[in-house]
Amino acid sequence: MIYRRKSYKVDESIVEDFNLHFNQTLLPAQLKYGSRLVGRWMGQPAEGAVEIFAIWQYDSREAYENIENNVRNDKEHVQRVQDWFEKMGGRENLGRIFFKVDEDFLETTVPEGNTILSC
């Protein structure tokens with residue numbers, strides 16, 4: 001198993017729209033192709049910004065790459081994402097309100113049976 005952590009630091013003005021977009025557009029596409037969401041959280045606003053991050057579980061790096069390839073090639077999904085970009089003022093505007101986007105991969109240091117993930 002591997003885990004992917006995707007994190008964003010965004011202007012607090014976009015949090016509601018971004019969370020809605022995640023739940024209505026991004027999450028369904030990921031689930032459709034086999035991604036497993038462990039959870040998604042956000043911190044409290046600080047200096048006008050909010051950190052939002054998600055942890056995803058995959059069987060392997062290859063499984064992750066296959067899922068991402070399927071999502072990127074889903075024309076209907078890509079169109080929904082582009083429509084959201086336009087609604088939010090275009091990619092250029094989003095670049096001003098998404099302060100930071102990071103992604104990394106993690107491996108567990110304890111047996112999965114000792115976590116709530118074994119349920």
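The basis for the numbers below is simple: all heavy atoms, side chains too, and nothing from hydrogens, waters or symmetry mates. For the single chain, residues carry numbers from 1 onward in sequence order.
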Is it the case that the side chains of N66 and N70 hold a donor-acceptor pair, with the cut-off being a distance below 3.5 Å and no angle test?
no
List the steps and the verdict of side-chain contact (heavy atoms from CB on, under 4.5 Å) for D102 and F53.
CA-CA 9 Å; D102 282 322; F53 69 96; over 6 Å; no
Rounded to the nearest 0.5 Å, how far apart are NZ of K6 and CZ of R4?
5.5 Å
Would M42 and E51 count as a side-chain contact (heavy atoms from CB on, under 4.5 Å) if you check the C-alpha gap in whole Å, the side-chain angles of each, and the deciding distance to 0.1 Å?
CA-CA 6 Å; M42 64 184 216; E51 179 186 8; over 6 Å; no
Is the shortest side-chain heavy-atom distance between V50 and Q44 below 4.5 Å?
no
Worked verdict on Y8 versus K100 for side-chain contact (heavy atoms from CB on, under 4.5 Å)
CA-CA 6 Å; Y8 306 85; K100 187 175 182 182; over 6 Å; no
Run the side-chain contact (heavy atoms from CB on, under 4.5 Å) check on L26 and H21 step by step: do they pass?
CA-CA 7 Å; L26 304 177; H21 175 59; 3.7 Å; yes
With distance as the sole criterion, is a donor-acceptor pair present between the side chains of Y58 and R36 under 3.5 Å?
no
Cation over ring face, R5 and F105, 6.0 Å, 45°:
no
Assigning hydrophobic clusters by single linkage (Ile, Leu, Val, Met, Phe, Trp, Tyr; side-chain heavy-atom cutoff under 4.5 Å), is L37 placed with I116?
no
Cationic tip of R40 above F18 ring, under 6.0 Å, 45° of axis
yes
Do I2 and L106 come close enough that some side-chain heavy atom pair is under 4.5 Å?
no
Would you check if the side chain of N73 reaches a backbone N or O of N69 as a donor-acceptor pair within less than 3.5 Å?
yes
Would you say the side chain of K75 lies within less than 4.5 Å of the side chain of H77, judging by non-hydrogen atoms?
no
Short side-chain to backbone donor-acceptor contact, T115 and E112, under 3.5 Å:
yes
In this structure, is the centre-to-centre distance between the rings of Y3 and W56 below 6.0 Å?
no
Side-chain contact, heavy-atom cut-off 4.5 Å: K9 with V101?
no
Spacing of E68 atom CD and S35 atom OG [to the nearest 0.5 Å]
6.0 Å
Can you list, pair by pair, the side-chain donor-acceptor contacts under 3.5 Å of residues 83-98, counting residues two or more places apart and other chains?
from: D83; atom 1: OD1; to: Q79; atom 2: NE2; distance (Å): 2.7
from: N93; atom 1: ND2; to: M88; atom 2: O; distance (Å): 2.7

I'd like to know if D74 and R72 make a salt bridge, using a cut-off of under 4.0 Å between side-chain N and carboxylate O.
no
Let me check something: do L27 and I52 share a hydrophobic cluster, defined by ILVMFWY side-chain heavy atoms less than 4.5 Å apart, either directly or through other members?
yes
As an exercise, state the distance from CE of M1 to CG of L117, rounded to the nearest 0.5 Å.
9.0 Å
L31, Y33: one ILVMFWY side-chain cluster at the under-4.5 Å cut-off?
yes
